[in-house]
Amino acid sequence: MLMVVFGAGASFDSVSSTPLPAGNDLQEFGVDREVTSRLPLANQLFKPIPIFSRSLDRFPQASPLFPVLEKSAASIGIEARLEEYQAESKTHRHRIVQLASLRFYLREIIEHAQDRWLKYQRSRLNHITLIDEIECGRRGEDVLFVTFNYDTLIETALEVMGMKIETMSDYVAAHPYKIIKLHGSTDWGRVVDFPIKQ
């Protein structure tokens, strides 16, 4: 089995050249066009960019975490700080609500960034070229994609190549390409059958 690991850079640099969209669409990107015209890296997720701020306005319970997370990107790392918050949630119950809000914020900004990116770049993804090159050289062996990213660029590329991922079982189905998403995915959800108290 061939294994390919995708980190955040695979999404950020998912197209070899990155022309920005023309016309009025640029106004939507706020002051930092380079950050918001690509899928964001971890150290960009908490920057005060207008398009991100609109999402934060929808999930304000996460706001107290932002200054620390923005600073953590340059020091201990965002993942380490999030682990600390998770540990704190066992004794400080308000952290549970903050972390839940943060998850919704992250899903929304990544999904929106991906939608904008694919609007202009869908057919130019490096992921498609990579799968094509693997297909030419794999000699019948299965391929395992392991990704730390929440976006669905790999699924999009596989669909372009004729392999559709529609259900959870499709990620490890009988076709030769399998995907393991270690941190989850923007399009995954779980049905909750009990009331959530506010």
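Sequence positions, counted from 1, serve as the residue numbers for this chain.
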A.B. asks: Where is the tightest heavy-atom contact between H112 and S55, given as atom of each residue plus distance?
C.D. replies: ND1-OG, 4.4 Å
A.B. asks: List for me each residue that meets side-chain hydrogen bond (donor to acceptor under 3.5 Å, both in side chains) alongside D187, sequence neighbours excluded, and say none if there are none.
C.D. replies: S185
A.B. asks: Do side-chain atoms of D142 reach the backbone of L2 as a donor and acceptor pair under 3.5 angstrom?
C.D. replies: no
A.B. asks: Applying side chain to side chain contact (heavy atoms under 4.5 Å, CB included), name anything that partners T167, two or more places apart in sequence or on another chain.
C.D. replies: S169, D170
A.B. asks: Side chains of Y171 and E155: do they bring a donor and an acceptor to under 3.5 Å?
C.D. replies: yes
A.B. asks: Do you know the tightest heavy-atom contact between A42 and I78?
C.D. replies: O-CD1, 2.8 Å
A.B. asks: A side-chain contact here means heavy atoms from C-beta on lying under 4.5 Å apart; do E133 and T129 qualify?
C.D. replies: yes
A.B. asks: Under a 4.5 Å cut-off applied to non-hydrogen side-chain atoms, are H175 and I165 in contact?
C.D. replies: yes
A.B. asks: In Å and rounded to the nearest 0.5 Å, what is the CG to CG distance from L153 to L125?
C.D. replies: 5.5 Å
A.B. asks: Rounded to the nearest 0.5 Å, what separation is found between the OG atom of S63 and the CG atom of D57?
C.D. replies: 7.5 Å
A.B. asks: Within the distance-only criterion (no hydrogens, no angle test), does the side chain of K178 pair as donor or acceptor with the backbone N or O of V146 below 3.5 angstrom?
C.D. replies: no
A.B. asks: For N126 and D13, work out which heavy atoms get closest and say how close.
C.D. replies: ND2-O, 2.9 Å
A.B. asks: Atom CZ of R93 and atom CD1 of I96: how far apart are they, to the nearest 0.5 Å?
C.D. replies: 3.5 Å
A.B. asks: Mind checking what makes ring-ring contact (aromatic ring centres under 6.0 Å, His included) contact with F66, not counting sequence neighbours?
C.D. replies: F46, Y105
A.B. asks: Is the shortest side-chain N to carboxylate O distance from E141 to R138 below 4.0 Å?
C.D. replies: no
A.B. asks: Which value, rounded to the nearest 0.5 Å, describes the distance between L45 atom CG and L106 atom CG?
C.D. replies: 6.0 Å
A.B. asks: Rounded to the nearest 0.5 Å, what separates atom CD1 in I109 from atom OG1 in T186?
C.D. replies: 11.5 Å
A.B. asks: Can you name the ring-ring contact (aromatic ring centres under 6.0 Å, His included) partners of F145, sequence neighbours left out?
C.D. replies: F6, Y177
A.B. asks: Without placing hydrogens or testing angles, list every side-chain donor-acceptor pair under 3.5 Å for residues 156-164, not counting sequence neighbours.
C.D. replies:
{"unit_1": "T156", "atom_1": "OG1", "unit_2": "T152", "atom_2": "O", "d": "2.9"}
{"unit_1": "E159", "atom_1": "OE2", "unit_2": "K164", "atom_2": "NZ", "d": "2.9"}

A.B. asks: Do any N or O atoms from the side chain of H183 and from the backbone of F148 form a donor-acceptor pair under 3.5 angstrom?
C.D. replies: yes
A.B. asks: Do P40 and F52 have side-chain heavy atoms sitting under 4.5 Å apart?
C.D. replies: yes
A.B. asks: Would H127 and V4 count as a side-chain contact (heavy atoms from CB on, under 4.5 Å) if you check the C-alpha gap in whole Å, the side-chain angles of each, and the deciding distance to 0.1 Å?
C.D. replies: CA-CA 11 Å; H127 297 62; V4 180; over 6 Å; no
A.B. asks: Taking only residues at least two apart or on different chains, which pairs with a member in residues 58-76 satisfy salt bridge (Lys or Arg N to Asp or Glu O under 4.0 Å)?
C.D. replies: R58-E108
